[in-house]
Amino acid sequence: MKKNYVMETIRKAQMVQMLAVGKRMDDRGLDQHRELKIETGVIPKANGSARVFLGNTQVIAGVKIATGIPFPDTPDKGILMVNAEILPLSSPYAEPGPPSEDAIELARVVDRGIRESKMVDLGKLNLVSGKTVIAVFVDCNIMNVDGNLFDATSYAVVAALRTATMKKYVVKDDKAVATDQMVPVPVEKTPVSVTFARIGDRVVVDPNTEEEASMDMRITITTEDGGNVCASQKGEADSITPAQVLQAVDTSIRLGKEIRAKITEATK
Amino acid sequence: MKKNYVMETIRKAQMVQMLAVGKRMDDRGLDQHRELKIETGVIPKANGSARVFLGNTQVIAGVKIATGIPFPDTPDKGILMVNAEILPLSSPYAEPGPPSEDAIELARVVDRGIRESKMVDLGKLNLVSGKTVIAVFVDCNIMNVDGNLFDATSYAVVAALRTATMKKYVVKDDKAVATDQMVPVPVEKTPVSVTFARIGDRVVVDPNTEEEASMDMRITITTEDGGNVCASQKGEADSITPAQVLQAVDTSIRLGKEIRAKITEATK
Amino acid sequence: MKKNYVMETIRKAQMVQMLAVGKRMDDRGLDQHRELKIETGVIPKANGSARVFLGNTQVIAGVKIATGIPFPDTPDKGILMVNAEILPLSSPYAEPGPPSEDAIELARVVDRGIRESKMVDLGKLNLVSGKTVIAVFVDCNIMNVDGNLFDATSYAVVAALRTATMKKYVVKDDKAVATDQMVPVPVEKTPVSVTFARIGDRVVVDPNTEEEASMDMRITITTEDGGNVCASQKGEADSITPAQVLQAVDTSIRLGKEIRAKITEATK
Amino acid sequence: MGEGKTKLIDEAGRRRDGRKWDELRPISIQVGLMKNADGSAYIEWGKNKIMAAVYGPKEVHPKHQVLADRALLRCRYHMAPFSVDERKNPAPSRREIEISKVIREALQPAVIVEDYPRTAIEVWVEVLQSDGGSRVAGITAASLALADAGINMRDLVVGCSCGIVNDQVVADLDDTEDKEGSGDMPVAIMPTLGKVTLLQVDGIYTREQFQKAFELAIEKGKQVNAMQRAALNSRFFGGEATTSEVEEAAE
Amino acid sequence: MGEGKTKLIDEAGRRRDGRKWDELRPISIQVGLMKNADGSAYIEWGKNKIMAAVYGPKEVHPKHQVLADRALLRCRYHMAPFSVDERKNPAPSRREIEISKVIREALQPAVIVEDYPRTAIEVWVEVLQSDGGSRVAGITAASLALADAGINMRDLVVGCSCGIVNDQVVADLDDTEDKEGSGDMPVAIMPTLGKVTLLQVDGIYTREQFQKAFELAIEKGKQVNAMQRAALNSRFFGGEATTSEVEEAAE
Amino acid sequence: MGEGKTKLIDEAGRRRDGRKWDELRPISIQVGLMKNADGSAYIEWGKNKIMAAVYGPKEVHPKHQVLADRALLRCRYHMAPFSVDERKNPAPSRREIEISKVIREALQPAVIVEDYPRTAIEVWVEVLQSDGGSRVAGITAASLALADAGINMRDLVVGCSCGIVNDQVVADLDDTEDKEGSGDMPVAIMPTLGKVTLLQVDGIYTREQFQKAFELAIEKGKQVNAMQRAALNSRFFGGEATTSEVEEAAE
């Protein structure tokens, strides 16, 4: 994506200078997310859906639920799958084709936050052990890229799952039969991802595209309702100090609470 | 495929000038197909087969029949699949590899004509509802490209299906068992595709490669035995007037009768 | 792989001159393999494994065994599959990605020697005819390329299979159930592959990379314990005389005995 | 197409959703919502929810695809995995590949590609939720996205699908009518120039039914074109499109 | 290879189709049928029906595959989905990829690639119906297609497959003999130069059986070469090939 | 991560293999074994058996990936089909694609890519047998392979994975602890510069547990770094690494 070295270098120098005095180009505080807007039920044909705007980054997540065969090593647990496509309409740099390395990392990091927080109780999605379980697919369409896909996608997935419903199944003679009754997906937790970028020696929250173009390192820390860390991922081609990691953890716990409240509000 | 703009432009100008006085470069009438030759039974190992020559365009279609699992939304219907490969030996522009956009469109348009005319009674290919049906695969090898693959491939598929036979199955205890008896594939109709090219403001039937290189628009209209339209597809990067469409429909109905008689004759 | 025509031509001329007086650049006799080292049990998680060094060529083969569904035309026989990957770490010319033409030929030629010699008694791998058989996968990691992958890979596969063990299965009510007992894979024969390169008009055994860069033709002849030929493959873009083929067969039978003894010794 | 046996029109001539035979489903269009794209349009048409966006004119990669005398028009029609009843595999199906091609060929007659030699113009059509007529809805949105991107055009392109339900010609089939009915005919036109840029036909039509459905599709396309123009107007000149403009355009 | 247990040769030494142990199946060859290809040949050999066509010398794409001192020879051996008993997936199998490679390496010794530096010569072998020995039949047709295209060659290439059936060496195995027999040995030669350009071996052969099968394959290959030359003759000089030519060539 | 319910630590504080909570599994490292690679290192860590090799700096193909101001670092983490309990499909999984990316980003901070503009440096990590912590073991070997290849580096990179087992922080999880435990945290550091280049977290950690596991991983990483330096020493200066060197390095 990096096209013009000269422009980039100038832009980065300017950004570092501003950050040294605690300023961001869009006037946010270092620990401040952009405006977060969450709409749910945007795709009525899906079992659950949400559109999230994080500044100009826009993501739509849709949940589809079906029965499936459990994995051999977890015969009594449902299946959860998170996929992401960075649509070619989202950015001049996105291209059609099989998922890029970036899209795979994005989907797996978001998946990890959901899975490790035990947001969805997969044990409750078992129907006939070893034979039939409920499979929950969450697909994410990245609609517009303006930085921090990790948080925007994570919020969209969490909001879509929190509002998703599915057919109630009954088991007869070891066969799962769908009823007409709709029940909510068994959601237990609300994991919240917070992503940081280090630019020079300053760390900022929720980087936009301009900041990502200048960032040296990216780190995502996801916390669950109890304020515990449930997932993290460092990215990009530079390093971070141990002290910066621990500070990011503290910030993520603090901001996580606020964002969790917003998500809960938008999905009740 | 378009290589030499200057030559093309000159060639097209010349063609348009001739068409203005109702002449084609190979002396055919505007509504006249090239010579059509149909050979059947060319691949004895197939359940049915045909080789069609339409001028220098040559296509071989082969039918293979096996049992399969029905699609969930049509549990009591057999399966029909048409595939086409534009072989690298057919043209200097064809390349080996997965089916091109052109080959996919070709197969789908031919498939549509067969399917929508209800040529094959898929209901008669049901064996055990929801579990076992007969699957009919028609694969088309494009052997030599000289324009109008749509009609040549369609005629080859129709001729191959009209002469195809399959094992008779009996159902015992909800299981389909093949017998040694061979029966014809249940064919009810004989759809006929007619393809037109607009070059400048004239519309001609059955364009050859030279005419395709100069054509602005292509349209295929398929009719069935009752003279009804059962499929159509407009192609290429230009438009057609509504009046031209209706005139093409009339021509397709008229020519369809003649060609249907030829196919019936060759496959009885 | 051929990069520098001038260097190559000089190198080949020099090699041909030496071969004319019966000399190889590494001082081996024309019919002499490089040092062969076989280590077994190198991957304890595999059912059987071996690392083979043939000079500087290094290959690791690992056997994995599971139950599977038999092929329709051999309903009462187990499954044997040999795959090879020429790892990108093995050579500056190897690239990551789906198996190259060379890797596919390598795996299929090695497979042929194993299969045609009836080394593994596939009849003994039947559990429930038509439904469940034992499947033996042998995967080969080419670790370092210094010529003659055919022989090195073949020896690694043979050594891995000769030392492989698998769970004993019992069949109850037409279902195969694994027991805790481990039994050897039913090995009956020890096929030995010998590969020759023709450089100019001389034929040498076990070519290294330098010799392969200059070779005109390659031929592999595999023999089994009875001194019978069980597989062969001619490769590369030049020819061989009938007399050279028959001489290679005789050499392969003779060298096969010596190498079979080495493999047997290393795997008892 | 289905058997055409399901009863989809009642004695009073009303369709399952209460529409008359020649009535369109509700349509709403917005132009220019996407931030990164050079042009964009979002359409809701029945239950269809479709975003179209345009990038270009831009450099052509790979280079060997460059056209010396005109722009290379690229198009992808893609369905989100959650857009249909059963989750769709995200890899492009043969159906999507064919529709991408016919959409490109439906748009190209309107794009003055000669004005942009050696460049690429990319049209991305994403079906977020699918209903009957998604390809004509996609074309309708895509031509607005091209206009929004400032690409030189001869005309807009607009589509409508008509067909046969219970042996009767009807306008603008929804999903059930498409699957249970006996004929579907998507048509796209350049409404000012009066030319057809897309025509696909499924199902059995007598000569008369063909003409009636085809001419109805053109007429309804012109009606949708009025909404296109209103949406463009509201994008560039603000405010709501006036009814008179819509009526004038629909003529 | 199979177990070799099925009885494929009767007491009188006749094979299932009535052939003696060293007899070829019926073969017919036509050169130059395809209109677009630079050269082509069609062979029917037993139940094999195979079309081979050649394009080139032509420009190399992608450029980085150019060979500065010779032509790049490309080859694809491909089976039509309907060519075998069970429908074959049209995507190339590992078997087809290997056979494409050995066919290319069987033809290349005869092609004077040095005469066409920086170009590509493409050989497409399409198996329309498959029987035993399809790769040698494909090679036999492909070398004629190369000659028909006017490519400079040192010799034709011709093949025949011999093997072991009921512990007996036989010539030219058909499909059943290939599957039920105990050994198959396809061999291709340059008949005038007396060189072997393809050799593959399946099954168990004693030293004596190997030599007998191998030498039989070469002898039969020369016999097929006579038909190749007759077919070329009839292509370029018209009329039928005379018996004396065929016999002379077969020596 | 699992439920964390299986008993993996006994009353005496010993883990299933007898280790204390903060103890590493046995590790052995050899540098420079591979003949063709420009640099290589082999590590056995618990049951992990991993070969890392480096090629480069070399020409970049395809050309359009060239970086004008620095080297392009490529990395593939790949598991042999026989490396795990159930045979792994040889095609790269989504997990392998993600790990390849994070390994590349863990190594890059240490590589002075600016010293090699317009070139590629390729790092191939092959897991021959897999156990818990294969990615940190792979990074540990890969940074040695880079050093062995003579690539300019700011520091080595070394990793260790810590986590939560039976609600207790433990060092260096093996496969069972990884699957049955309730948290896994692979960390890679540049030990001399004191910087973190890889951090991934799975499972539930209180704030205190996070810090304890994270700091333990850094401490253990430094311990492994001593072994790295000993292995490099033995590669370049021969002989065995002395205990004092190891201890000094471990400080």
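Reminder, nothing fancy here: chain letters follow the sequence lines and each chain counts from 1. Keep in mind it's a predicted model, so treat the numbers as computed, not measured.
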Test side-chain contact (heavy atoms from CB on, under 4.5 Å) on B:L246 and D:E215 and set out the steps. CA-CA 10 Å; B:L246 293 174; D:E215 289 174 348; 3.7 Å; yes
At their closest point, which heavy atom of D:I204 faces which heavy atom of B:S117, and how far apart are they? CD1-CA, 4.1 Å
Residues D:G194 and B:P242: closest non-hydrogen pair is O-CD, 3.3 Å
Quick one: [atom1] on [X] to [atom2] on [Y], what's the gap to the nearest 0.5 Å?
X	Y	atom1	atom2	answer
B:K118	D:S182	NZ	OG	8.0 Å
B:D102	D:E98	CG	CD	11.5 Å
B:T220	D:Q200	OG1	CD	11.0 Å
D:D202	B:R115	CG	CZ	9.5 Å
B:S239	D:L198	OG	CG	12.0 Å
D:L199	B:I240	CG	CD1	8.0 Å

Could you check if a side-chain atom of D:K195 sits within less than 4.5 angstrom of a side-chain atom of B:M217, using non-hydrogen atoms only? no
Just so I know, are the side chains of D:V196 and B:T241 near enough to count as touching, which here means a heavy-atom distance under 4.5 Å? no
Chain D contact via B:E224 - which portion, at a heavy-atom distance below 4.5 Å: side chain
Side chain / backbone / both / neither for [X] at chain B, heavy atoms under 4.5 Å:
X	answer
D:V102	side chain
D:Q209	neither
D:I218	side chain
D:F210	side chain
D:M190	side chain

Highest number of heavy-atom pairs under 4.5 Å with chain B: which of D:Q108, D:E105, D:R95? D:E105
Counting heavy-atom pairs closer than 4.5 Å to chain D, which one of [options] comes out on top?
options	answer
B:D250, B:I219, B:T223, B:T74	B:D250
B:I221, B:D216, B:V245	B:V245
B:K234, B:Q233, B:Q244	B:K234

Looking at [X], I'd like to know if its [atom1] atom is crowded, meaning that more than 12 non-hydrogen atoms belonging to other residues, nucleotides or ligands lie closer than 6.0 Å.
X	atom1	value
B:E95	CD	no
D:R74	CZ	yes
D:K47	NZ	no
D:E86	CD	no
B:I69	CD1	no
D:K58	NZ	yes
D:E114	CD	yes

With side-chain contact (heavy atoms from CB on, under 4.5 Å) as the test, would you mind laying out the steps for B:V249 and D:R207 before giving the verdict? CA-CA 8 Å; B:V249 167; D:R207 174 66 178 75; 3.7 Å; yes
Candidates D:K101, D:R94, D:R104 - the one meeting salt bridge (Lys or Arg N to Asp or Glu O under 4.0 Å) with B:E101: D:R104
